[in-house]
Amino acid sequence: MRRPRRLRATPVLRRMTAETSLEPRHLILPMFVADGIDEPRPISSLPGVVQHTMDSLVAAVAEAVEAGVPCVDLFGVPRPGDKDAEGSASWDPEGVLNRALARLRREFGDAVVLMADTCLDEFTDHGHCGVLRDSRGGTVVDNDATLVNYRRMALAQAEAGAHVVSPSGMMDGQVEAIRDALDAGGHTDTAIMAYSAKFASAFYGPFREAVGSSLRGDRRTYQQDPANRREALLEAELDVAEGADFVMVKPAMAYLDVLREVADASPVPVAAYQVSGEYAMICAAGERGWIDRDAALAESVLAIRRAGADQVLTYAAVELARRLRGDR
Ligand code: PBG
């Protein structure tokens, strides 16, 4: 009789025959840095995650490097008074995100891959990922006017020291526009991780607290409809054609089918983002004693790898990396 259980009999046999691995090098840590705070500020809906000061950010990146995490993804939280309709603090070299990138690059050089979130929503007073235009008595997010600002923002991030910029606003043509701006500015070696298939998801809830989002309404005119699979393949294909060095699927766990298909088709590395709501749900159920938090986090990230992710963005990156190292 064919007995699959044979290969499950001992821990070493299981390790030997595992089809998928999770290693620290697969992990990317998203981080928040806020302007105008003196102490790191906890984010109540994301246990263990904080808005950093410049100094606490440097210390936390050092811990990530120490744990073997190769990449951090930085989000800036400006003072509320620094937000405007255009999101101009995002390309100001003195804006919080660009100052943090410059500081980290000075401190760490090439010892960690510095990635920057290239999107306006943290910096606009209306909270949208692009600039608004009046249309028939309402407002719409103006795609091509937004690209002008993305170009400025990506250039400022590269100049500040980002190794990778990551457009997450889901504007059409954003990768091509940013590639062109980077090349024209002499930053031909700065890579682009494109949020290619980013869905209009309810799982971003805690993130909105994390960045002090001003958004009212939703992002359904630019982020993808959760109903659509084929459209995600089109988005990824367009981004690769426009010059993306990585593509991304986001959220992860509710979109593992999309991730698998993008991974099968992609000629470039594929990342997946275990978003704030995914992490928060696991922590919350863990706090109640309903599930084993640590085991559930490890299992969920392994499942994201199994579905085809080369890199996984997760708020648990450092603790997972530490545990993986301890396992060896
Ligand atoms: C937008 C952005 C969002 C996230 C990353 N970039 C929020 C949104 O689209 O509303 C969410 C990340 C998370 O939930 O962890 N720039």
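For this chain, numbers begin at 1 and follow the sequence in order. Counting convention: from 1, in listed order, for ligands and their atoms alike. Worth knowing before you read on, the calculation uses all heavy atoms, side chains too, and leaves out hydrogens, waters and symmetry mates.
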Legend entry - side-chain hydrogen bond (donor to acceptor under 3.5 Å, both in side chains) involving Ser213 - partner list, sequence neighbours excluded: none
Inset, instruction - For the residue pair Tyr222 and His128, categorise the inter-ring angle as parallel (less than 30°), tilted (30 to 60°) or perpendicular (more than 60°). - result: perpendicular
Legend entry - Under 4.0 Å from ligand 1 - residues by heavy atom, chain and number: Phe75, Asp117, Cys119, Asp121, Glu122, Ser168, Lys198, Tyr204, Phe207, Arg208, Arg219, Gln223, Lys250, Tyr273, Val275, Ser276, Tyr315
Inset, instruction - Sort out for me which residue in Ser88, Ser90, Ser214 forms a side-chain hydrogen bond (donor to acceptor under 3.5 Å, both in side chains) with Lys83. - result: Ser214
Throw together a table of side-chain donor-acceptor distances under 3.5 angstrom for residues 61-78, partners on residues two or more places apart or in other chains.
none

Legend entry - N/O donor-acceptor pair under 3.5 Å between Arg105 side chain and Gly161 backbone: yes
Legend entry - Pairs involving residues 165-194, ordered by first then second residue, that meet ring-ring contact (aromatic ring centres under 6.0 Å, His included) (sequence neighbours left out): none
